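Beneath this line is the structure, given in structure tokens, with notes to follow.
This structure is a prediction, so every number in the text was calculated from the model and none was measured. Atoms within each ligand, like the ligands themselves, are counted from 1 in listed order.
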Amino acid sequence: MALIVQKYGGTSVGSVERIQKVAERVQATRGQGHDVVVVVSAMSGETNRLIDLAHQVSPQPDPREYDVLVSTGEQVTIALLAMALNARGCRARSFTGGQVHIRTDSAHTKARIVEIDEARVRRELEAGTVVVVAGFQGVDEDGNITTLGRGGSDTTAVALAAALGADECQIFTDVDGVYTTDPRVEPNARRLDRITFEEMLEMASLGSKVLQIRAVEFAGKYSVPLRVLSSFEEGPGTLITYEEEDMEQPVISGIAFNRDEAQLSVRGVPDRPGVAWHILGPVGEANIEVDMIIQNVGADGTTDFTFTVHRNDYERARAILEDTARRLEAREVAGDNRIVKISLVGVGMRSHAGIASRMFEALANEGINIRMISTSEIKISVVVEEKYLELGVRALHAAFGLDQAPAA
Ligand code: ADP
Ligand code: ASP
Ligand code: MG
């Protein structure tokens, strides 16, 4: 007998029929004698609908009230699932995040879980109850409702699994595992049997939304056995694992991409110490996160400075930059919010040379111009024009043989 945490995403609870299917699966797991905690998302489209409503009322909704609003989607699905389970004769009770003491900081709309008092959940499990918990939400010290950022139900599930010492945390979604890249963009993408935490973390932070970044961080930190599975069909899914010595690693595990990027440049900045600080300081003060940064080698006493930000922050960052450029007496500010970032990820990169040049060659062969490049130990990212996203991903997928199973 094991303790299993199962999480079902929006599509998996997207209709009454699907909620019944989830109930069936939960009951089957319970029938095997396991204790089960279920975390659910809002029905698909619901969170977007709520966010849209908020923006109709106010262009910049009050963050506290925004969280009160957007957390309601999950309250609907916990109740429906618990009802469906009870109707099948499987004892279940629903709980909001606050009711099971998921305590977060007060950073509304992107709160972090700081503590879970799992006593309540344990009592219910001991009584033989399936515990159904609302994903994506918690409460802060003062009892205010908070939310954990888009995709946050994954993190609720992993955090509960960690707090309870669960035997496995199963993330049920609309794909049957983690693929070499998003199968919606590359139909030849292949399901991976396993992927390391490290690689999954890179994939998630570089844009693969199959798991929320914080969920992967949490799972790695607390050694939570994590598996991504389909809620529609049976299968082994993908296990997120620690790197094993004897595991033959493919050089590249996957390709991630991010459509939410925008690029900004200040050109002709007088090249003096402190340029980067003067340019990025005000951007940081405005709470705008900067991703990639390039400063060109100075010529004729001036330099060009380029960086990327989230597309939602583009206008704001640009206004700040115009101001900075005037103060620094730079020549001009330029920007483009129709760019994307494509990244190759693989722990095997550590021991293999020539990956970057193979990547650049594959893109060049398709006539794709690279705007920016950034590398780290296990990833290489490029910024390209948005229109080249699909072509670029597919070209790289083929160039690195990702559609073929690795040689045994
Ligand atoms: P859920 O609502 O269940 O949380 P998400 O939409 O958040 O589901 O995540 C599943 C989606 O992630 C898939 O439908 C797929 O399009 C996308 N995705 C992106 N990258 C990958 C990848 N490498 N492997 C699998 N799915 C991916
Ligand atoms: N419902 C929330 C969202 O759409 C949380 C989640 O589904 O994980 O972002
Ligand atoms: Mg998700």
*Can you tell me if Glu202 and Ser343 form a side-chain donor-acceptor pair at under 3.5 Å?*
no
*Of all the non-hydrogen atoms in the protein, which one sits nearest to atom 7 (O) of ligand 2, and at what distance?*
Ser41 OG, 2.9 Å
*Where do Arg25 and Glu234 land on the salt bridge (charged side-chain N to carboxylate O under 4.0 Å, His left out) test, with the steps shown first?*
CA-CA 10 Å; Arg25 189 184 285 274; Glu234 295 297 321; 3.5 Å; yes
*If you measure every N/O of Gly149 against every N/O of ligand 2, is any gap under 3.5 Å?*
no
*asked:* Polar contacts were defined as any N/O atom of the residue lying under 3.5 Å from an N/O atom of the ligand; does this apply to Lys7 and ligand 2?
replied: no
*Are any of the heavy atoms in Gly10 under 4.0 Å away from ligand 2?*
no
*Using a 4.0 angstrom limit on heavy atoms, which residues are close to ligand 1?*
Lys7, Gly9, Gly10, Thr173, Asp174, Val175, Gly177, Val178, Tyr179, Thr181, Asp182, Pro183, Arg184, Met203, Ser208, Lys209, Val210
_Regarding Thr303 and Asp271, do their side chains bring together a donor and an acceptor under 3.5 Å, going by distance alone?_
no
*Quick one: which residue pairs count as a side chain to side chain donor-acceptor pair (under 3.5 Å) with a foot in residues 125-136, not counting sequence neighbours?*
Arg91-Thr129
_I'd like to know if the side chain of Asp167 reaches the main chain of Ile4, judged simply by a donor and an acceptor atom lying under 3.5 Å from each other, with no hydrogens or angles considered._
no
*State, without any angle test, whether Asp67 and Thr146 hold a side-chain donor-acceptor pair at a distance under 3.5 Å.*
no
*What do you reckon, does Gly152 put a non-hydrogen atom under 4.0 Å from ligand 2?*
yes
*Quick one: nearest non-hydrogen protein atom to atom 3 (C) of ligand 2, plus distance?*
Arg150 NE, 3.4 Å
*ligand 2 contact on Glu46 by region, counting heavy-atom pairs under 4.0 Å*: neither
*asked:* Checking Phe136 now: which residues fulfil ring pair (Phe, Tyr, Trp, His ring centres under 6.0 Å) with it, not counting sequence neighbours?
replied: none
*Can you check whether Asp154 has an N/O within less than 3.5 Å of an N/O in ligand 2?*
no
*Does a donor on one side chain and an acceptor on the other come within less than 3.5 Å for Thr181 and Glu186?*
no
*Contacts of type ring pair (Phe, Tyr, Trp, His ring centres under 6.0 Å), residue Phe197, not counting sequence neighbours*: Tyr242
_Short side-chain donor-acceptor distance under 3.5 Å, Arg150 and Asn48_ = yes
*State if Glu74 counts as touching ligand 2 under the rule of any non-hydrogen atom under 4.0 Å.*
yes
